[in-house]
Every structure is written in structure tokens, then in C-alpha cells.
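Below you'll find the structure, written out as C-alpha cells, and then a few comments.
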Protein chains: 2
Amino acid sequence: MVRQMTEMLKGTLEGVVLAILSGKSAYGYEITAWLREQGFADIAEGTVYALLVRVEQRGFVDVDRVPSEKGPPRKVYSLTAAGRDYLEDFWRTWSFLSDRLEQLRQEGN
Amino acid sequence: MVRQMTEMLKGTLEGVVLAILSGKSAYGYEITAWLREQGFADIAEGTVYALLVRVEQRGFVDVDRVPSEKGPPRKVYSLTAAGRDYLEDFWRTWSFLSDRLEQLRQEGN
DNA sequence: CCATCTACTCAGCGTTACTCAGTACCGGTA
DNA sequence: TACCGGTACTGAGTAACGCTGAGTAGATGG
């Protein structure tokens, strides 16, 4: 199942992270930890960081460096207006795909 | 939205095609046409064929060459037992992801 | 002073879908 | 006959994304 999850996450993980950030600002380590709690056990450490760099470069998030009590300073990310727009697009795309899949599943059995 | 769809299809398109084949055997051109009807307008011709080669190599489908009335012979694909197992796995992975996403969407708004 | 937890970085890789072009067979039309 | 459009599949090269695995670095506690 791990392999399938890896491939399925392509394109959706980005949406997942942006959706998290639409609730509240967060930093990389926090997001990774949250994902693990939710059952995304197999998401690699580096994956989330790389993703955050990408969405930052595309202007979907702003970064704020905040000193941490423990360890190096945190990079706290928050959603921009462009990010919010993109997230809406993401939900539309997701809904379309989800509907088709659900339909297929019902037909199949 | 096209770009997002492209990435989101990685890992799911395979499941979609196998799900189609679980209903009935079909050939590449037919599958492509069906997908376009369903609204997957931006799926490229070659994509489905490449996918079918991959799943064949992994033993998820059997191939049967059938002469066509118009044009070259069709390669008709049907799901194997292994393919059926894999499809079940796919649905499990999908359900997991779908549940998490739905939860996030509700929290977000 | 070393282990552990926090927090982020980076190079290289594999998988997947796309692009774009090509092959080939058939029916109909001019 | 010559050509065109629809059917049906193939193949080379490209980009994006997530993974692997290793590394840097600060703070705390035994």
C-alpha cells in the first residue's frame, strides 16, 4: 500500500498542506508531525520541506522566521491570497476526481 | 486546473483504468474515448497506452488481440486475479486519502 | 559530553503523465 | 486512382513530484 500511497500523494499532498495552512499558520516540522498523527506514516521528513519551498516560490505562502525555544528558528508559513485561490482550484479538481472515482467504485461492485 | 489535474492523476489514473476493466474488458482507444466522455478532457492519447503497457508488465491485465472492422487490430485488456487484488488495495488507499481530505475540507470552511 | 529531540537543507533517483511524432488499416469521396 | 478522416497503437524525450539518505545545527537532560 505504501507504493500506491506515494503515487497517489503526488498532486494531493500539496493541497493537503495548503488546506492545513488555511486553518492556521504552521511550520514544517509541525506539519510533518500532524500528518504522521493523521496516519500518513510514510511521508518522508524532507518531502514536506521541499513542498513548502515550492509553494513559497509560487507565492502561495508567506514565510515568517520565528525563534524556537528548542532548536533552530522555525519558518512559519501562512497562506496568501494567491494560495487561497489555488486551494479553491484544488478543491474543484479534487471534487471532480472524487466524484468520478466514487461512481466507478459503485459500478464496479 | 489542467496542471493540478495532471499531478493529481498520477497514481489515480491507474486505479481508474483498472476499475473500468473490472467492469468489462476494453481496449486502449475505447478507454481513452470513455475517459474523455467522462470529462477527463485533458488526458493525452499516449498516456493510456503507456499505462496499459505498465499494468500488463506487472501482470494486472491479460491481453487479447482482436481484429477490428476499422483500423489495426485492437488489444483487448481484461483484469487478472492479481489485478483485482491490486484494485482492492487501490480502493483502500483511496478511501484513506479521501477521508482525510474530506475532513480537512470541512475544517477549513 | 554525549544522546535525544527539534528544525531545516540538499543531491540524486524512480515513477508517472505529457508532448509530439510516427505507423498502419479502413471506408468514403472526388 | 488519390486523398482524407477516423480508428488504433507505438515510441522517444521531458517535467514534476515524492522518496532516500545524509547532513547541519541549536537546546535540553542524564
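The structure displayed is predicted, hence computed values, not measured ones.
- Through direct or indirect side-chain contacts shorter than 4.5 Å among Ile, Leu, Val, Met, Phe, Trp and Tyr, B:Val53 is connected to no other residue.
- Recorded end-axis angle for the helix from C:dC1-D:dG30 to C:dC25-D:dG6 stands at 20°, based on five pairs per end and rounded to 10 degrees.
- Nearest nucleotide to the side chain of A:Tyr27, out of C:dA7, C:dC18, D:dC9: C:dA7.
- Closest to the side chain of B:Arg58, from the set C:dT16, C:dA17, D:dT10, is C:dT16.
- What separates CD1 of A:Ile31 from P of C:dT6 is a distance of 16 Å, to the nearest Å.
- Of the inter-residue distances, the one linking B:Leu35 atom CG with A:Arg100 atom CZ reads 10.5 Å to the nearest 0.5 angstrom.
- There is a side-chain donor-acceptor pair under 3.5 Å between A:Arg105 and B:Ser95.
- Nucleotide C:dC18 holds its C1' atom 11 Å from the CD1 atom of B:Ile43, rounded to whole Å.
- Once rounded to the nearest 0.5 Å, the distance linking CZ of A:Arg36 with CD1 of A:Ile31 reads 13.0 Å.
- Note that NZ of A:Lys10 and OG1 of B:Thr6 are 13.5 Å apart. Values are rounded to the nearest 0.5 Å.
- Distance, A:Phe90 CZ to D:dC17 P: 13 Å, rounded to whole Å.
- Closest-nucleotide positions on DNA chain D for B:Tyr77 and A:Thr12 were compared, and the one nearer the 5' end corresponds to B:Tyr77.
- Summarising the geometry, the separation between CD on A:Glu7 and P on C:dT15 is reported as 8 Å, rounded to the nearest angstrom.
- You'll find a donor-acceptor pair under 3.5 Å spanning the side chain of A:Lys10 and the base of C:dT15, going by distance alone.
- Residues of residues 47-54 of chain A having a heavy atom closer than 4.0 Å to DNA chain D, listed by number: A:Thr47, A:Leu51, A:Arg54.
- Atom CD of A:Gln57 and atom P of C:dC10 are 11 Å apart (whole Å).
- Taking only side-chain atoms of B:Tyr29, from C-beta outward, the nucleotide of C:dC8, D:dA8, C:dT16 with the closest atom is D:dA8.
- We find that CZ of A:Arg36 is positioned 15 Å from P of D:dG18, with the value rounded to whole Å.
- In this structure, the separation between CZ on A:Arg92 and CG on A:Leu97 is 15.0 Å, given to the nearest 0.5 Å.
- Listed nucleotides D:dT10, C:dT6, D:dG18 differ in distance to B:Arg65; the shortest reach to its side chain belongs to D:dT10.
- Contacts classified as salt bridge (Lys or Arg N to Asp or Glu O under 4.0 Å) and involving residues 50-60 of chain A (residues at least two apart or in different chains) are given here: A:Glu14-A:Arg58.
- Taking atom CZ on B:Arg3 and atom C1' on C:dT16, their separation rounds to 15 Å, with Å as the unit.
- Applying the side chain to side chain donor-acceptor pair (under 3.5 Å) test between B:Thr93 and each of A:Gln4, A:Glu7, A:Arg3 identifies A:Gln4 as the sole match.
- At whole-Å resolution of the value, CZ in A:Phe40 and P in D:dG18 are 12 Å apart.
- Distance check: B:Ile20 CD1 to A:Leu104 CG gives 5.5 Å after rounding to the nearest 0.5 Å.
- Using a 4.0 Å cut-off between charged side-chain N and carboxylate O, B:Glu30 and B:Lys24 make a salt bridge.
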Each nucleotide N or O in nucleotides 20-28 of chain C that has a protein N or O under 3.5 Å away: list the pair and distance.
none

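- Here the CG-OG distance, from A:Leu79 to A:Ser25, works out to 8.5 Å after rounding to the nearest 0.5 Å.
- Residue pairs meeting the ring-ring contact (aromatic ring centres under 6.0 Å, His included) criterion with at least one member in residues 36-85 of chain B, sequence neighbours excluded, are A:Phe96-B:Phe40, B:Phe60-B:Tyr86.
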